[in-house]
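Because the structure is predicted, anything quoted here is derived from the model rather than measured. Remember, it's 1-based here, ligands and their atoms both numbered in the order they're listed. All residue numbers refer to positions in the sequence shown, counting from 1.
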Amino acid sequence: MQKNHLIELLTQKDNRKKKSKIPARLDFLQSATGAVLVLFIMFHLLFESSILLGKDAMYALTKAFELDFVFKGGEPLFIAFLAFGVFVVFILHALLAMRKFPSSYREYSAYRLHSQMIQHEDTSLWFIQITTGFMMFFLGSIHLYTMMTQPDKIGPFASADRIYSDTMWPMYLLLLVSVVLHASVGLYRLIIKWGWGERQKSKWMIKAATIFYLGIGLVSLGAYMKIGYEHRGEYGKRYTVEANR
Ligand code: HEM
């Protein structure tokens, strides 16, 4: 009985798909926006870890993003523009992904049954992606909103004050875990879907990347916490290279 119901649901979806080319195009757009976001986050977490090389390194990188080599002193508005651009891609990707959320409890139960019946790894990965995607929808929006509205408050002390004294670290911790898992599973599924690599090899490479990015993310977050703790008495005071020689 339950099996028939499942087959009926899946066939209905298949028939709907055959009628139009739009789902294939939306699928491609979802993969493309996902790939852009994976690339972005890979670079972002690396840049973020510049704090491990010291406050001067993180400060210099922040100023470079403010294009201080063109505009003397840097212009934080460029960071706000960049954040807005990323926000558009982020929301588009989330909207496209929402098509694949189970739309009712009936559909959810059918997927659960499906996953139990075939015990397929890819089905479990899909569950990880839905859960982390849901978390990121909120956490990523909070973070991007902060970056769009306070682009001038980025730097070794400003970021550390936000993370430690403004108690944003739990948000960053959850965001870090969900974004790394989501990006890893997403990239793996992209590789398999578009035939970019062999399954077993890709799996190992992605596992290694997940550990690497979680590792540098956690250590960087720890470094910001330490700086924020030491700087708590001077909350709000900005970093300058000269004053910290
Ligand atoms: C252009 C857009 C973005 C900018 C300018 C930006 C900038 C920053 C900055 C400056 C920090 C350090 C903490 C702080 O100052 O508050 C940070 C941390 C972080 N960001 Fe972003 N971010 C952007 C987009 C994103 C997106 C889209 C995600 C994921 C959805 C993300 C995930 C994270 C995570 C997980 C951390 C903590 C890193 C760690 O643990 O070391 N960011 N970001």
Atom indices of ligand 1 within 4.0 angstrom of [X] heavy atoms, with elements:
{"X": "Val179", "answer": "29 (C), 30 (C)"}
{"X": "Arg162", "answer": "14 (C), 15 (O), 16 (O)"}
{"X": "Val86", "answer": "1 (C), 27 (C)"}
{"X": "Leu176", "answer": "35 (C), 40 (O)"}
{"X": "Ile79", "answer": "5 (C)"}

Minimal non-hydrogen separation, Leu139 against Met171, with atom names: O-SD, 3.8 Å

Atom of Leu176, atom of Gly217 and distance for their closest heavy-atom approach: CD2-C, 3.5 Å

Polar atom proximity, Lys153 to ligand 1 (N or O, under 3.5 Å): no

Contact check: Gly217 vs ligand 1, nitrogen or oxygen atoms, below 3.5 angstrom: yes

Rounded distance [0.5 Å steps], [atom1] in [X] versus [atom2] in [Y]:
{"X": "Ile51", "Y": "Tyr224", "atom1": "CD1", "atom2": "OH", "answer": "4.5 Å"}
{"X": "Ser165", "Y": "Arg232", "atom1": "OG", "atom2": "CZ", "answer": "8.5 Å"}
{"X": "Leu174", "Y": "Ile142", "atom1": "CG", "atom2": "CD1", "answer": "10.0 Å"}

Among protein heavy atoms, which sits nearest to [atom], and what does the distance come to when rounded to 0.1 Å?
{"atom": "atom 3 (C) of ligand 1", "value": "Phe40 CZ, 3.9 Å"}
{"atom": "atom 10 (C) of ligand 1", "value": "Ile154 CG2, 3.4 Å"}
{"atom": "atom 15 (O) of ligand 1", "value": "Ser159 OG, 2.7 Å"}
{"atom": "atom 36 (C) of ligand 1", "value": "Tyr172 CD2, 3.5 Å"}
{"atom": "atom 28 (C) of ligand 1", "value": "Ile41 CD1, 3.6 Å"}

Tally, protein N/O/S atoms nearer to atom 21 (Fe) of ligand 1 than 2.8 Å: 2

Check: Ser184/Thr210 side-chain N/O donor and acceptor closer than 3.5 Å: yes

Phe69 atom CZ, over 12 foreign heavy atoms within 6.0 Å: yes

Basic-acidic side-chain contact under 4.0 Å: Glu198, Lys201: no

Arg99 and Asp27 ion-paired at < 4.0 Å: yes

Flag side-chain contact, heavy atom, 4.5 Å: [X] against [Y]:
{"X": "His44", "Y": "Leu39", "value": "no"}
{"X": "Tyr235", "Y": "Asp166", "value": "yes"}
{"X": "Gln129", "Y": "Leu125", "value": "no"}

For atom 1 (C) of ligand 1, the option (of Ala183, Ser220, Ala83) bearing the nearest heavy atom: Ala83

Between side-chain atoms of residues 75-97 and protein atoms elsewhere (two or more places apart, or another chain), which donor-acceptor pairs fall under 3.5 Å?
| unit_1 | atom_1 | unit_2 | atom_2 | d |
| --- | --- | --- | --- | --- |
| Glu75 | OE2 | Leu77 | N | 3.0 |
| His93 | ND1 | Gln30 | O | 3.3 |
| His93 | ND1 | Thr33 | OG1 | 3.0 |
| His93 | ND1 | Gly34 | N | 3.4 |

Heavy-atom distances under 4.0 Å are what count here, so tell me which part of [X] touches ligand 1: side chain, backbone, both or neither.
{"X": "Ile163", "answer": "side chain"}
{"X": "Leu82", "answer": "both"}
{"X": "Leu218", "answer": "neither"}

Lys153 side-chain N/O to Ser159 backbone N/O, donor-acceptor pair under 3.5 Å: no

